[in-house]
Amino acid sequence: MTGQKREDLSVLKPEFGRETSGESMDDQCREVRPADPCAIVIIGASGDLTSRKLIPALYRLFLNGYMPVSFAIVGCARKKLDNEAFRQLVKESLAKGVGDDLSKLDHFAGNLYYRTVEYDDKENFKELSCFLSDIDKKHGTAGNRLFYLAIPPFLYETVVHVMGEAGLSRESRTSGSWSRLVVEKPFGSDLKTAVKLNDVIKRCFSEQQVYRIDHYLAKETVQNILVFRFANSIFEPLWNRQHIEHVEISAAETLGVEHRAGYYEKSGILRDMFQNHMMQLLTLVAMEPPAHFRPEPVRDEKAKVIQSIRPFDLEHLEENIVIGQYLSGNIDGKKVPAYRDETGVDPLSLTPTFAMMKVFIDNWRWQDVPFYLSSGKRLAEKKTKIVIQFKDVPHSIFRDIIGGSISANCLTFFIQPIEKIALTFQAKKPGSTICPRSINMEFSYDSDSGETLEAYEKVLVDCMNGDQMLFLRQDLEELCWSFLTPLIEDCEKCVDKSSLLQFYGSGTRGPEGVEKLKT
Ligand code: BG6
C-alpha cells in the first residue's frame, strides 16, 4: 500500500485510516534502488505485445523516473526497418495512446534502436551481441541485458537456443554484468512441452536468469494479498478450515476471443487463464506464511500449495468442473457474435471459453474447504475478485427477531476493475429495536492519486532490479501443469464427445451448471 493520500477507509470511521505510530509506514519501507544501467532487448518488436504493452510501459517508467539513468531499448524482429523508422513507429503509437505526457518522447526515442533478425539465425544473434557491445559504449549500459521474448511461443525454443549459441546468456563475474530472459505465457501447452521448454532454457540460462511472467501477480491488488494476510494479526488466525466455509476466485471478462483465434482455439480457457493466473491467485490465498518476504521462501510456499491440491477424479469430472462456450448475445447494449462465428474460429469448435472448478487442498489448513475457481469470456461484466466466505455463527440468539439465519461474514478482494477490500459484518440497525443488518467496511484503492505501477511496468521494473518474487520458478510452472494436464486432456477427450461442454449466452453469468457445482 502506498501513501496515506490513497487510503480511503472512511466507510465506518475515518480514524481507521490513521497511522498509529509517529513514523509512517512509508518512511519505514526501503526505497526501490534505481535499476542497474541496461539494454532492454525486445525480441518480437514488431508485434502487438510490444506496441500495446511493452513500449507504453517503458515510456511511462521513463516519465516517472523508474528507468535506469543509462538505458537503451533495442527492438528486434524479422521486419526490415532501420532505427529511424522504428523510432517513428514508436512515437506514433505512443502519441495515439491516451493521456501520457509526450514532452519527453524525443528524448525517449533517442534511446531506441532496431535490428532485423531471423529468429533461427545464429549469425544474426552474434551480430546483435556485437551491436549490444557498441550500445554499452554509447549509452553506458555496462554489459547488462534484459531479453524480452515478445514472439509467438512456438519460437521460444529456437530463439533461446540461438541466443545461447551466440553467447547472449553469458554473465561476467568480473564486471558483474548480467543477462536476463523474460518469458511470456503461454509457457508450453501441457506438462511435457513445458518441461521441454525448461530443458532448452536451462541449457543456456540459469534459473536466476529466467523471469517467467504472470501479469496477474504484478497487479497492485494481487500483491496486496500477502500484505493483508501477513502484516495483520487479526485475520490470519481465522484463515483456515475452522472459520472459512469456502473461497471463490473469479475472473470474468466481457471481451471475446478478439483477434487471437489462432492461439485461443488451441488453448481454451483452461490453458489461457487457469494454468497461470487462477492457480497463482489460489496460491496467494492458500499458502502458509513464508519465513521471509523474499522470492525463494515465497515461491517455496506457493509450490507446496500446488503440491497439495487434490487431483480431480477423472471418472466424475462433472462433479468438479463445468466448462462452457459462449453463444451470441448482448454486452453493454451491443450485439456480439457466438464464439463459433468469430473470425478464425472453427464453426464446429469445441474450445471452452468458460470454466469453473471446485478444488480442494489436502492439508491441515484447508482440508475439505472448497475453492471455486471460475473464469470466462463474454460474461456480463469485467470483474476479478476473491471472496473469502466465513462460516455462519454457530447459534443465533437473534433467531426470534430475524429468523433462522444471519448472513455470515464475507471478505472480498476486488482485484479489478474496482480495486478494494470489503468486509461484511452484522451491526445493529439504528432505532428502538435490536435488529441486526449486514454492513460493509471498505478499504478502497484510488488508482489515480497514488504511484500505482501498471502490471507490465511492475514486471519490467522487477526484471531490471533482478527481483524474481512475482515470477514463476521452473518447479511452480511445471507443478501447475502437472495438476491441470490430466484434466485438460480428459476434458479435450470429453469435449470431443461434446459431453461436458455447456453453451451460455454472451452477457450472462456463464453456463447454468455453475450453480449446481456449488451445492
Ligand atoms: C491474458 C489472457 O493472460 O489475460 C487473455 O491471455 C485475458 O485471454 C487476459 O483476456 C486477462 O487479463 P486482464 O489483466 O485484462 O484481466
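FYI, side chains are in, hydrogens and waters are out, and symmetry mates aren't considered; it's all heavy atoms of this structure. In each ligand, atom 1 is the first atom listed, and ligand 1 is the first ligand listed.
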For ligand 1, find out whether one of its N or O atoms is nearer than 3.5 Å to an N or O atom of Asp272.
yes

Can the ring centroids of Phe483 and Phe312 be said to lie less than 6.0 angstrom from one another?
yes

What's the spacing between Ser349 OG and Gln325 CD if we round to 0.5 Å?
5.0 Å

Mark up the atoms of ligand 1 that fall under 4.0 Å of a heavy atom belonging to Lys185, in ascending order.
1 (C), 2 (C), 3 (O), 6 (O)

Quick one: pull up CD in Glu477 and OG in Ser482 and give me the separation to the nearest 0.5 Å.
11.0 Å

At under 4.0 Å between heavy atoms, what of Tyr216 touches ligand 1? The answer is side chain

Val305 to Met287 - nearest heavy-atom pair and separation:
CG2-CA, 3.4 Å

Can you list the atoms of ligand 1 that are under 4.0 Å from a heavy atom of Glu253?
7 (C), 10 (O), 11 (C)

I want to confirm something. Looking only at heavy atoms, which of His277, Glu454, Lys219 is nearest to atom 1 (C) of ligand 1?
His277

Provide the number and element of each atom of ligand 1 under 4.0 Å from a heavy atom of His215.
1 (C), 3 (O), 4 (O), 12 (O), 13 (P), 14 (O)

With nothing but distance in play, are any N or O atoms of Lys382 less than 3.5 Å from an N or O of ligand 1?
yes

If you look at every heavy atom in Arg180 and Cys463, which pair is closest and at what distance?
NH1-O, 2.7 Å

Is there a donor-acceptor contact under 3.5 Å from the side chain of Trp239 to the main chain of Val285?
yes

I'd like to check which ligand 1 atoms, numbered from 1 as shown, lie under 4.0 Å from a non-hydrogen atom of Lys377.
5 (C), 7 (C), 8 (O), 10 (O)

